[in-house]
Amino acid sequence: MNRAERIFHLHRRLKESRQPPSLAQLVEQLGVSRATLKRDIEYMRDFMQAPIEYDAQANGYRYDPDAPAFELPGLWFNESELLALLTIEQLLEDMQPGLLAPVIGPMKTRIRRLLETGGQDSTELRRRIQIQPQAHRTSAADTFRVAAEATLAGHPLDIDYHGRARDSATRRRIHPQRLLYYRDNWYLIAWCENAEALRTFALERIRAATPVQDAPLREEADADLDRHIGAAFGIFTGPASEWAVLRFTPEHARWVADETWHPDQIGQYRGDTWELQIPYSDPTELIQEILRHGPGVEVIAPESLRQRVAETLREAAARYT
C-alpha cells in the first residue's frame with residue numbers, strides 16, 4: 001500500500017473499531033513496520049489535523065471523542081469504489097420516472113452525499129469524470145422485469161426468441177439461472193428445453209416472455225454455470241475447445257500487454273512482440289476482437305482460426321478494390 005491507502009485504512013480502523021486498536025494490531029492489519037505506522041499517525045496529526053490520541057487505559061489509538069467529527073480531506077475513493085458509485089449515480093439519474101420514483105430519489109441523494117464526503121461536489125464529479133457506455137442495445141422494460149423476476153423467484157419462462165445468427169424466431173421454454181451484464185448489455189443464462197443444454201439469450205432479442213408459475217424450475221449447479229459463463233473468451237459461452245495464439249506487433253503490444261482478455265490467458269514477450277494465448281469455444285467474438293487490431297496482430301494457431309481471420313480480411317479488402 002502507498003501512504004494514501006494506508007491512511008485511508010488507518011482512518012477507517014480508528015473510526016469503526018469499538019475498542020481502540022493497539023499499535024501491534026494496527027501493524028499486523030496494515031502490514032507495515034512500527035516505524036512506518038508511527039510516521040503515518042504523525043503525518044495525520046501534523047498535516048491533516050487528525051485528533052488522534054493514545055488511550056493508555058485501553059492501550060490503543062483512537063480519535064478524541066471530544067473533538068469535532070474528523071473526515072479525510074480530498075477524494076478518498078479507490079478506482080473501483082469511485083467507478084461503482086459514479087455508475088450507480090448515472091444509472092439512477094438516467095432512469096425514467098415510474099413506480100420506483102419514491103425509492104430512487106432518496107437513494108440518489110444518499111449516493112451523492114457519499115461522493116461528497118471526499119470534499120467534492122457530486123455535480124462537478126459527474127462533469128469531470130464520465131462513464132461512456134459502448135454498443136448498448138436497449139431491451140423492452142417489460143422483458144427485463146419478467147426475466148429478472150423469473151430468475152430471482154425461480155420459475156420457467158416461455159419465450160419467443162429471434163436469434164441473430166440464424167435470423168429466425170423460435171418458441172422455447174427456458175429455466176432462468178442468472179442475469180449477466182456484459183459489455184453494457186444484458187443476457188439471460190438459462191437451461192433451454194429445446195436444446196437440452198445451457199444457453200445464453202440476449203434480452204433485447206426476446207420478443208415475448210410469459211412466466212410459467214405451475215412448472216418446477218430446473219436448477220443448475222453453480223460450478224456448471226461458472227464453467228458455462230467463464231470458461232472461454234467472450235459472451236459465446238461454453239467449455240473452451242481451443243486455445244488461440246496471437247502475436248502482436250511491438251506498437252500494439254504496448255496496449256495489449258496491459259489488457260486482460262480472459263482470466264486464464266497466458267501472455268509473454270517474444271522478443272519485442274507480445275504473444276497472447278486465449279481459451280475459446282465459438283470464435284465469433286474473438287475474431288471481432290482480433291480484427292480490431294488490423295495489421296497489428298497475427299493469428300499463429302490454431303490453423304482453422306488463422307484461416308477464418310485471413311478469409312474475413314480478404315473479403316473486407318475486396319470491398320475497397
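Just so you know, these numbers use all the heavy atoms, side chains as well, and skip hydrogens, waters and symmetry mates. Just so we're clear, the structure is a prediction, and the values are computed from it rather than from any experiment.
Side-chain contact check for Ile7 versus Met48: some heavy-atom pair is nearer than 4.5 Å. Between Ile189 and Phe201 there is no side-chain heavy-atom pair separated by less than 4.5 Å. Contact check for Trp255 versus His293: no side-chain heavy atoms found under the 4.5 Å cut-off. Using a 4.5 Å heavy-atom cutoff, the side chains of Arg308 and Ile287 are in contact. Looking at Val256 and Glu259, their side chains come closer than 4.5 Å, going by heavy atoms from C-beta outward. Two residues are said to be in side-chain contact when any heavy atoms from C-beta on lie closer than 4.5 Å; Arg183 and Glu285 meet this criterion. Using a 4.5 Å heavy-atom cutoff, the side chains of Leu37 and Leu10 are in contact. A heavy-atom distance below 4.5 Å is not found between the side chains of Arg62 and Gln19.
Salt bridge status for Glu311 with Arg314: present, with a side-chain N to carboxylate O gap under 4.0 Å. With salt bridges taken as basic N to acidic carboxylate O contacts below 4.0 Å, none links Glu42 and Arg39. By the 4.0 Å N-to-carboxylate-O rule, Arg178 lies close enough to Asp226 to be salt-bridged with it. Ion pair Arg164/Glu204 flagged as a salt bridge, since at least one NZ, NE, NH1 or NH2 atom sits closer than 4.0 Å to an Asp/Glu carboxylate oxygen.
Using bins of under 30°, 30° to 60° and over 60° for the plane-to-plane angle, the ring pair Phe248/Trp261 lands in the perpendicular bin. Classified by interplanar angle (parallel below 30°, tilted 30° to 60°, perpendicular above 60°), the ring pair Trp274/Tyr269 is perpendicular. Using bins of under 30°, 30° to 60° and over 60° for the plane-to-plane angle, the ring pair Phe70/Tyr63 lands in the tilted bin.
Distance check, rounded to the nearest 0.5 Å: OG1 of Thr210 to CG of Asp160 gives 7.5 Å. Rounded to the nearest 0.5 angstrom, Thr321 OG1 and Arg319 CZ are separated by 10.5 Å. For the atom pair CG (Leu26) and CD (Gln29), the distance works out to 6.0 Å, reported to the nearest 0.5 Å. Going from atom CD1 of Ile41 over to atom CG of Leu14 covers 7.0 Å, rounded to the nearest 0.5 Å. Here the OG1 atom belonging to Thr249 is positioned 11.0 Å from the CD atom belonging to Glu298, to the nearest 0.5 angstrom. Note that CD1 of Ile174 is 11.0 Å distant from CG of Leu198, once rounded to the nearest 0.5 Å.
For Pro156 against Pro176, the heavy-atom pair with the smallest separation is CA-CD, 4.0 Å. Taking all atoms of both residues into account, the shortest heavy-atom contact from Asp258 to Arg254 is OD2-O, 3.6 Å. In this structure, His252 and Gly296 approach most closely via the heavy-atom pair CD2-CA, 3.5 Å. Across every non-hydrogen atom of Glu149 and His155, the tightest pair is O-NE2, 4.2 Å. For Ser281 against Pro239, the heavy-atom pair with the smallest separation is CB-O, 3.4 Å. Contact record, His162 with Asp167: CE1-OD1, 2.9 Å, taken as the closest heavy-atom pair.
Note: the hydrophobic cluster containing Ile290 does not contain Val245 (ILVMFWY, side chain heavy atoms under 4.5 Å, direct or indirect links). Hydrophobic cluster membership differs between Leu157 and Trp191, with clusters built from Ile, Leu, Val, Met, Phe, Trp and Tyr side chains linked at under 4.5 angstrom. Hydrophobic cluster membership differs between Tyr187 and Tyr161, with clusters built from Ile, Leu, Val, Met, Phe, Trp and Tyr side chains linked at under 4.5 angstrom. Transitive grouping of hydrophobic side chains (ILVMFWY, heavy atoms separated by less than 4.5 Å) brings Phe144 and Tyr181 into a common cluster. Hydrophobic clustering (side-chain heavy atoms under 4.5 Å, transitive across Ile, Leu, Val, Met, Phe, Trp, Tyr) keeps Leu286 apart from Trp243.
Side chain to side chain, Thr200 and His228 meet the donor-acceptor criterion of an N or O pair below 3.5 Å. In summary, the side chains of His175 and Glu193 do present a donor paired with an acceptor at a separation below 3.5 Å, with no hydrogens or angles considered. No hydrogens or angles considered: a donor-acceptor pair under 3.5 Å links the side chains of Glu303 and Gln307.
The local environment of CZ in Arg171 is crowded, with over 12 non-hydrogen atoms from other residues, nucleotides or ligands closer than 6.0 Å. Within 6.0 Å of atom CD in Gln268, more than 12 heavy atoms from other residues, nucleotides or ligands are found, so the atom counts as buried in its surroundings.
Arg306 contributes a side-chain N or O that, together with a main-chain N or O of Val299, makes up a donor-acceptor pair within less than 3.5 Å. A donor-acceptor contact shorter than 3.5 Å links the side chain of Gln177 to the backbone of Glu220. Between the side chain of Glu242 and the backbone N or O of Ala301, no donor-acceptor pair lies under 3.5 Å. Between the side chain of Asp264 and the backbone N or O of Gly230, no donor-acceptor pair lies under 3.5 Å.
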**OP:** Could you give me the CA-CA distance, side-chain angles and deciding distance for Thr273 and Glu275, then say whether side chain to side chain contact (heavy atoms under 4.5 Å, CB included) is met?
**Re:** CA-CA 7 Å; Thr273 64; Glu275 183 180 283; 5.9 Å; no

Subject >> Test side chain to side chain contact (heavy atoms under 4.5 Å, CB included) applied to Thr143 and Ile159, step by step >> reply: CA-CA 10 Å; Thr143 301; Ile159 64 170; over 6 Å; no

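Applying the ring-ring contact (aromatic ring centres under 6.0 Å, His included) rule to pairs touching residues 30-53 yields Tyr43-Phe47, sequence neighbours excluded.
Not a single side-chain hydrogen bond (donor to acceptor under 3.5 Å, both in side chains) links Glu28 to another residue, sequence neighbours left out.
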